Amino acid sequence: MKYKELEKKLKAYGCYPVQRQMGGHPLWYSPITGREFKMSNHGSEEVATGTLRSILKMAGVK
């Protein structure tokens, strides 16, 4: 899965980017968990399997 596809999936679950960054990575908010989590902005690059799993877990999607 590419980062752009992941962004679309997260937006479908109601997640959205906030106006802050952490260590150069944009922060996203998940209404499912009520927490912010780090995302990356690599666009058309593939998301590593462990990174994908971690992002989905933090977003409360998986």
Side-chain angles (χ1 to χ4, degrees):
M1 177 180 289
K2 297 185 184 304
Y3 278 98
K4 287 291 184 187
E5 295 168 356
L6 177 57
E7 286 182 16
K8 281 176 76 172
K9 183 174 185 168
L10 290 174
K11 286 181 181 179
Y13 281 99
C15 299
Y16 57 89
V18 295
Q19 296 297 319
R20 298 191 332 248
Q21 290 192 356
M22 177 184 230
H25 295 279
L27 289 177
W28 282 58
Y29 176 78
S30 171
I32 298 168
T33 61
R35 297 180 3 188
E36 292 180 347
F37 59 94
K38 268 197 302 189
M39 209 15 209
S40 191
N41 50 1
H42 293 288
S44 62
E45 289 184 27
E46 287 289 323
V47 183
T49 306
T51 305
L52 177 62
R53 191 176 306 123
S54 176
I55 290 172
L56 293 176
K57 184 176 177 182
M58 288 185 291
V61 175
K62 192 169 187 180

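Computed from a prediction, not measured in an experiment: that's the story for all the values here.
For the atom pair OG1 (Thr49) and CE (Met1), the distance works out to 11.0 Å, reported to the nearest 0.5 Å. Taking CG from Leu56 and OG from Ser30, the interatomic distance works out to 10.5 Å, rounded to the nearest 0.5 Å. Atom NE2 of His42 is separated from atom CG of Leu6 by 12.0 Å, given to the nearest 0.5 angstrom.
Residues Val47 and Glu5 fail the side-chain proximity criterion, which asks for heavy atoms closer than 4.5 Å.
Only one option out of Ile55, Leu27, Thr51 pairs with Met39 in a side-chain contact (heavy atoms from CB on, under 4.5 Å); it is Ile55.
Sorted by first and then second residue, the pairs that involve residues 10-29 and meet side-chain hydrogen bond (donor to acceptor under 3.5 Å, both in side chains), not counting sequence neighbours, are Arg20-Glu36.
Of all non-hydrogen atoms in Ala59 and Ile32, the two that sit nearest each other are O-CB, 3.8 Å.
Under a cut-off of 6.0 angstrom, the local environment of CE in Met22 is sparse, with at most 12 non-hydrogen atoms contributed by other residues, nucleotides or ligands.
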